[in-house]
Structure formats: C-alpha cells, structure tokens
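Let me begin by presenting the structure, written as structure tokens, before commenting on it.
Values reported hereafter were calculated over all heavy atoms of this structure, with side chains retained and with hydrogens, waters and symmetry mates removed. Predicted model only: the values in this text are computed from it and were never measured.
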Amino acid sequence: QVQLVESGGGLVQPGGSLRLSCVAPPIIFDFYTLGWYRQAPGKQRDLVADITSGGHTNYADSMKGRFTISRDDAKNTVYLQMNSLKPEDTAVYYCNAYNLYGLTYWGQGTQVTVSS
C-alpha cells in the first residue's frame with residue numbers, strides 16, 4: 001500500500017500565493033518521479049509540474065514563471081509554490097508518483113480556490 005498525503009490548499013484572492021505539500025513513503029520519494037496535476041469541474045486532469053528523483057523539473061507551459069516545484073529529501077516532501085494565482089487556477093490539485101514500469105499512485109487531492 002502506498003499513500004501520498006497532500007496539504008496546503010485553501011481560498012486565496014487573485015494575485016495571492018499558496019504552497020502545496022505532498023509527503024510520500026521513502027521508497028516512492030527516492031525512486032519515482034513526483035508531480036502535481038490539477039482538475040477543475042468538467043475539465044480533464046492536466047499536468048502542472050513534475051520532478052525526478054535526480055531533481056530534473058518539467059512544467060506545463062501555462063504555469064511557467066508562476067509555479068515552482070521542489071523537493072526536500074530529508075522530509076520526503078515535494079512542494080508546489082504557486083504565485084500570482086488566477087481564478088482559472090481553481091481546481092483540485094493532486095500529488096502523483098510514477099515510474100517507467102507503469103506504476104502510478106495518486107493522493108486524495110487538495111482544493112485550491114482563487115476568488116475575490
């Protein structure tokens with residue numbers, strides 16, 4: 001059994017910031033690529049950003065310059081720093097772990113709402 005635990009979501013005004021956290025078991029954190037995805041009602045689940053065990057990062061084009069993914073090896077935690085938030089960023093954000101052999105795990109999600 002693998003459990004990914006997200007936290008840090010909430011309500012924020014446009015232009016504000018939030019930092020999401022995801023804690024993973026050591027074996028997952030050390031050997032899987034970790035990422036953040038989001039899904040709004042009526043929309044598909046899309047990649048926000050991911051980071052490999054070696055620290056290589058990848059971002060969706062719409063998030064470049066506003067969002068930053070990082071990881072803390074000592075805490076087995078991956079972060080998503082979100083700045084300059086817009087109403088269209090409103091979604092459930094999911095932590096994800098995957099490897100090249102087809103194994104994929106998901107967290108339960110954390111709600112981010114951007115509204116004035």
Using the side chain to side chain contact (heavy atoms under 4.5 Å, CB included) criterion, which residues pair with Asp73? Sequence neighbours excluded.
Phe29, Arg71
Could you tell me which residues satisfy side chain to side chain contact (heavy atoms under 4.5 Å, CB included) with Gln3, sequence neighbours excluded, listed by chain and number?
Val5
Under 3.5 Å, sequence neighbours excluded: what are the donor-acceptor pairs made by side chains of residues 78-85?
from: Gln81; atom 1: NE2; to: Asn83; atom 2: OD1; distance (Å): 3.0
from: Asn83; atom 1: OD1; to: Ser17; atom 2: OG; distance (Å): 2.9

Heavy atoms only: give me the nearest Thr90-Ala40 pair and the separation to one decimal.
O-CB, 3.7 Å
Donor-acceptor pairs under 3.5 Å, side chain of residues 106-116 to any protein atom, not counting sequence neighbours: which ones?
from: Thr110; atom 1: OG1; to: Gly9; atom 2: N; distance (Å): 3.2
from: Gln111; atom 1: NE2; to: Ala91; atom 2: O; distance (Å): 3.4
from: Gln111; atom 1: NE2; to: Thr113; atom 2: OG1; distance (Å): 3.4

With hydrophobic residues grouped by side-chain heavy-atom distances under 4.5 Å, do [X] and [Y] end up in a single group?
X: Phe31; Y: Leu34; value: yes
X: Phe67; Y: Tyr37; value: no
X: Tyr94; Y: Leu4; value: no
X: Tyr93; Y: Tyr105; value: yes

Pairs touching residues 39-92 that satisfy disulfide bond (SG atoms under 2.5 Å apart), sequence neighbours left out
none
Which residues satisfy the side chain to side chain donor-acceptor pair (under 3.5 Å) test with Asp30, sequence neighbours excluded?
none
Please enumerate all residues that pass side chain to side chain donor-acceptor pair (under 3.5 Å) together with Tyr32, with sequence neighbours excluded.
Asn99
For residues 79-106, which residue pairs qualify under salt bridge (Lys or Arg N to Asp or Glu O under 4.0 Å), counting only residues two or more places apart or in two chains?
Arg38-Asp89, Arg66-Asp89
Not counting sequence neighbours, list each pair that qualifies as a side-chain hydrogen bond (donor to acceptor under 3.5 Å, both in side chains) and has a residue in residues 4-14.
none
Tell me the side-chain hydrogen bond (donor to acceptor under 3.5 Å, both in side chains) pairs involving residues 46-59, sequence neighbours left out?
Gln44-Asp46, Asp50-Tyr98
Would you be so kind as to tabulate the donor-acceptor pairs closer than 3.5 Å made by side chains of residues 18-28, with sequence neighbours excluded?
none

